[in-house]
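See below for the structure under consideration.
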Amino acid sequence: DAGVIQSPRHEVTEMGQEVTLRCKPISGHDYLFWYRQTMMRGLELLIYFNNNVPIDDSGMPEDRFSAKMPNASFSTLKIQPSEPRDSAVYFCASSSVKGIGYFGPGTRLTVT
Amino acid sequence: GQQVMQIPQYQHVQEGEDFTTYCNSSTTLSNIQWYKQRPGGHPVFLIQLVKSGEVKKQKRLTFQFGEAKKNSSLHITATQTTDVGTYFCAGGYGNKLVFGAGTILRVKS
């Protein structure tokens, strides 16, 4: 298995632009998580899905952030409009019912 | 809300010295997991503890889960330069994982 796949690996964009991050979880995993990592705030859980249904989005910072999971093999995290304070590394992780998290390589987002 | 506190924030040790990081949750956990993140990398799963008072070992690493399932520790014996990185605990609240702030380990050779 290729593991969790994220794209792009790096994204540089200007303030106000829309950003879309993509994730392909490990096949057969029922849970998908989006995390954001910064030096100041550490690793924050933004939202997680179970069987493609959002379960807990309490970590989504603002309405500018949205996440979807249209099927079991694909999820997106969208920021519209982006702001400099959104600059971070965004990780996608998936797990089976056993709950062990397998992380993707992350997307490093820089908003100028 | 659910929160996991982890200390210390940083630890610099001389190669060969021991290292310990601690995690504490205000509420009972269903499980606790430990991850390691190398600089520039992503968190990699190390171990999961589920039972009250559980102790697991992986070579030089010893993991403990408290009797009340609210705290945990990771102890590394005789650190090596390959141990450098950030060690995170993650508290399991059902299927939701909440990460501690992590402990950055630096090893001086």
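Small disclaimer: the values here were computed from a predicted structure and weren't measured.
Aromatic rings of A/Phe33 and A/Tyr48 (six-membered ring for Trp) have centroids within the 6.0 Å cut-off, being under it.
Neither the backbone nor the side chain of A/Tyr102 comes within contact range of chain B, judged by heavy atoms closer than 4.5 Å. For a residue to count as touching a neighbouring chain, one of its non-hydrogen atoms must lie under 4.5 Å from one of that chain's; by this rule A/Leu43 touches chain B with backbone and side chain alike. For chain B, no part of A/Ser95 is nearby; none of its heavy atoms comes within less than 4.5 Å. If you measure heavy-atom distances from A/Gln37 to chain B, the contacts under 4.5 Å come from the side chain alone.
Listed for the B/Ser30 side chain is a donor-acceptor partner under 3.5 Å among the backbone atoms of B/Gly92.
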Atom pairs and distances, donor-acceptor, side-chain atoms in residues 105-112 of chain A, under 3.5 Å, two or more places apart:
| residue | atom | partner | partner atom | Å |
| --- | --- | --- | --- | --- |
| A/Thr107 | OG1 | A/Pro8 | O | 2.5 |
| A/Thr112 | OG1 | A/Thr13 | O | 3.3 |

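Counting only residues at least two apart or on different chains, the ring-ring contact (aromatic ring centres under 6.0 Å, His included) pairs with a member in residues 11-31 of chain B are B/Phe19-B/Tyr87.
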